[in-house]
Amino acid sequence: MSRSRPDVLDATELSADPRFVEAAQRILADLVRGGAALGWVEPPSLPEVADLLGHVAAAARAGDGALRVAYAGDRLVGLGYWLRYARPTHRPHADLEKLAVAADAHGQGVGRALTAALIADARQARIEVLTLDARGDNSNALHLYRSLGFTEYGRLPDFVAVGPRRYDKVLLMLDLRPRSGS
Ligand SMILES: CC(C)(COP(=O)(O)OP(=O)(O)OC[C@H]1O[C@@H](n2cnc3c(N)ncnc32)[C@H](O)[C@@H]1OP(=O)(O)O)[C@@H](O)C(=O)NCCC(=O)NCCS
């Protein structure tokens, strides 16, 4: 991939396109196979990814989510999304649930561009607090989120289970509420 900036697009209307779903599943499954901390232990199947993207797109249409993708030319190189919390008392807030960049495109600004776009979408939707969690050993992701303003509000020690291994779950938040007086 060239180091020119990726194109970051809203993918709400792409979610039913089988080529898009296949490309997304390939990225997610390859990353999980390589040990990425994306919440899956086994690589997600095509139907599972299709269901997930359909669910996120439906939420996005309702103003309860955002789905962003990054292309290098015509190749999908990354995706990410957030969803508004379902719990009635948490409705002003959303959780950035998955951010994934194809392994051969890491370190080229794709993850940063996707996260920045997702934050902008959250502001646009008047989300008050955007949360996310990351595995404690995911230093690239933690560095990225902190550099975009997320701060740690908690940590569950040895909480993430991958077979016999245990990792901390690091809880991060970005408060998007305008400060009083500003
Ligand atoms: C975490 C992830 C999304 C970052 O995406 P990316 O496109 O590689 O990240 P960027 O190129 O935008 O870089 C962002 C920061 O991460 C760091 N970084 C990311 N990948 C790196 C790499 N391969 N080598 C060195 N630094 C890297 C850099 O420090 C960079 O910070 P900088 O801009 O201050 O230099 C990507 O590595 C990924 O998909 N990982 C597997 C899935 C995952 O862990 N998702 C996050 C779950 S919480």
Side-chain angles (χ1 to χ4, degrees), residues 1 6 11 15 18-60 65-70 72 75-87 90 93-115 118-119 122 129-174:
M1 175 186 148
S15 66
R19 280 172 314 170
F20 164 66
V21 177
E22 274 168 35
Q25 188 262 347
R26 207 171 308 125
I27 290 175
L28 294 167
D30 286 349
L31 287 171
V32 173
R33 246 178 246 116
L38 279 165
W40 284 290
V41 173
E42 298 300 330
S45 66
L46 193 57
E48 197 176 344
V49 172
D51 277 1
L52 174 67
L53 295 175
H55 171 67
V56 175
L67 176 60
R68 286 275 174 175
V69 292
R75 182 184 158 223
L76 182 72
V77 289
L79 66 147
Y81 68 84
W82 56 256
L83 289 171
R84 192 185 287 277
Y85 278 88
R87 189 186 292 190
H90 290 13
H93 316 300
D95 193 49
L96 199 163
E97 292 191 0
K98 299 216 188 294
L99 176 72
V101 174
D104 65 358
H106 284 179
Q108 298 173 20
V110 177
R112 182 175 293 282
L114 280 169
T115 312
L118 288 165
I119 293 170
V129 178
L130 188 60
T131 61
L132 62 82
D133 59 78
R135 212 167 75 184
D137 65 332
N138 199 348
S139 46
N140 284 336
L142 287 165
H143 168 85
L144 168 63
Y145 299 137
R146 288 192 172 113
S147 74
L148 288 169
F150 283 86
T151 55
E152 184 172 328
Y153 68 92
R155 184 179 281 253
L156 295 169
D158 296 334
F159 191 81
V160 181
V162 183
R165 293 186 297 279
R166 297 292 178 271
Y167 302 89
D168 290 358
K169 173 171 169 168
V170 183
L171 308 166
L172 299 180
M173 59 165 279
L174 180 64

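In this structure, K98 forms a cation-pi arrangement with W40, its terminal cationic atom sitting closer than 6.0 Å to the ring centre and no more than 45° off the ring axis.
Listed here is the closest heavy atom pair of A24 and L76: N-CD2, 3.6 Å. Taking both residues in full, the closest heavy atoms of D137 and R135 are given as OD1-NE, 2.8 Å, listed atom of the first, atom of the second, then distance. Of all heavy-atom pairs between V110 and A105, the closest is CG2-O, 4.1 Å. Nearest heavy-atom pair across R75 and A102 is NH2-CB, 3.7 Å. Among all heavy-atom pairs drawn from L118 and W82, the shortest one is O-NE1, 3.0 Å. Smallest separation of non-hydrogen atoms from A70 and P6: CB-CB, 4.2 Å.
Residue pairs meeting the salt bridge (Lys or Arg N to Asp or Glu O under 4.0 Å) criterion with at least one member in residues 44-55, sequence neighbours excluded, do not occur.
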Listed pairs under 3.5 Å, donor-acceptor, residues 141-150 side chains, sequence neighbours left out:
unit_1, atom_1, unit_2, atom_2, d
R146, NH2, E152, OE1, 2.7
S147, OG, R112, NH1, 3.1
S147, OG, R112, NH2, 3.1
S147, OG, H143, O, 3.4
S147, OG, L144, O, 2.7

What do the steps show when you test D133 against V170 for side-chain contact (heavy atoms from CB on, under 4.5 Å), and what is the final call? CA-CA 5 Å; D133 59 78; V170 183; over 6 Å; no
Would L96 and Y81 count as a side-chain contact (heavy atoms from CB on, under 4.5 Å) here? Give the steps. CA-CA 6 Å; L96 199 163; Y81 68 84; over 6 Å; no
Does the pair E22 and I27 meet the rule for a side-chain contact (heavy atoms from CB on, under 4.5 Å), with working shown? CA-CA 9 Å; E22 274 168 35; I27 290 175; over 6 Å; no
Check the pair V69, F20 against side-chain contact (heavy atoms from CB on, under 4.5 Å), reporting the backbone distance first and the verdict last. CA-CA 10 Å; V69 292; F20 164 66; 3.4 Å; yes
Can you check side-chain hydrogen bond (donor to acceptor under 3.5 Å, both in side chains) on T131 and Y85, steps first, answer last? CA-CA 10 Å; T131 61; Y85 278 88; 2.6 Å; yes
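By the 4.5 Å heavy-atom criterion applied to side chains, T115 and L99 are counted as neighbours. Using a 4.5 Å heavy-atom cutoff, the side chains of T151 and L174 are not in contact. Contact check for E42 versus V32: no side-chain heavy atoms found under the 4.5 Å cut-off. Contact check for L83 versus D95: no side-chain heavy atoms found under the 4.5 Å cut-off. For the pair L114 and L79, the minimum side-chain heavy-atom distance is 4.5 Å or more.
A 6.0 Å sphere centred on CZ of F159 holds no more than 12 heavy atoms belonging to other residues, nucleotides or ligands.
Here the CE-CG distance, from M173 to L171, works out to 11.5 Å after rounding to the nearest 0.5 Å. Of the inter-residue distances, the one linking Q25 atom CD with D30 atom CG reads 8.0 Å to the nearest 0.5 angstrom. Rounding to the nearest 0.5 angstrom, the gap separating the CZ atom in R155 from the CG atom in L172 is 9.0 Å.
Ion pairing between R165 and D158 fails under the 4.0 Å rule for side-chain N and carboxylate O.
Checking side-chain atoms of H106 against main-chain N and O of V101 turns up a donor-acceptor pair under 3.5 Å.
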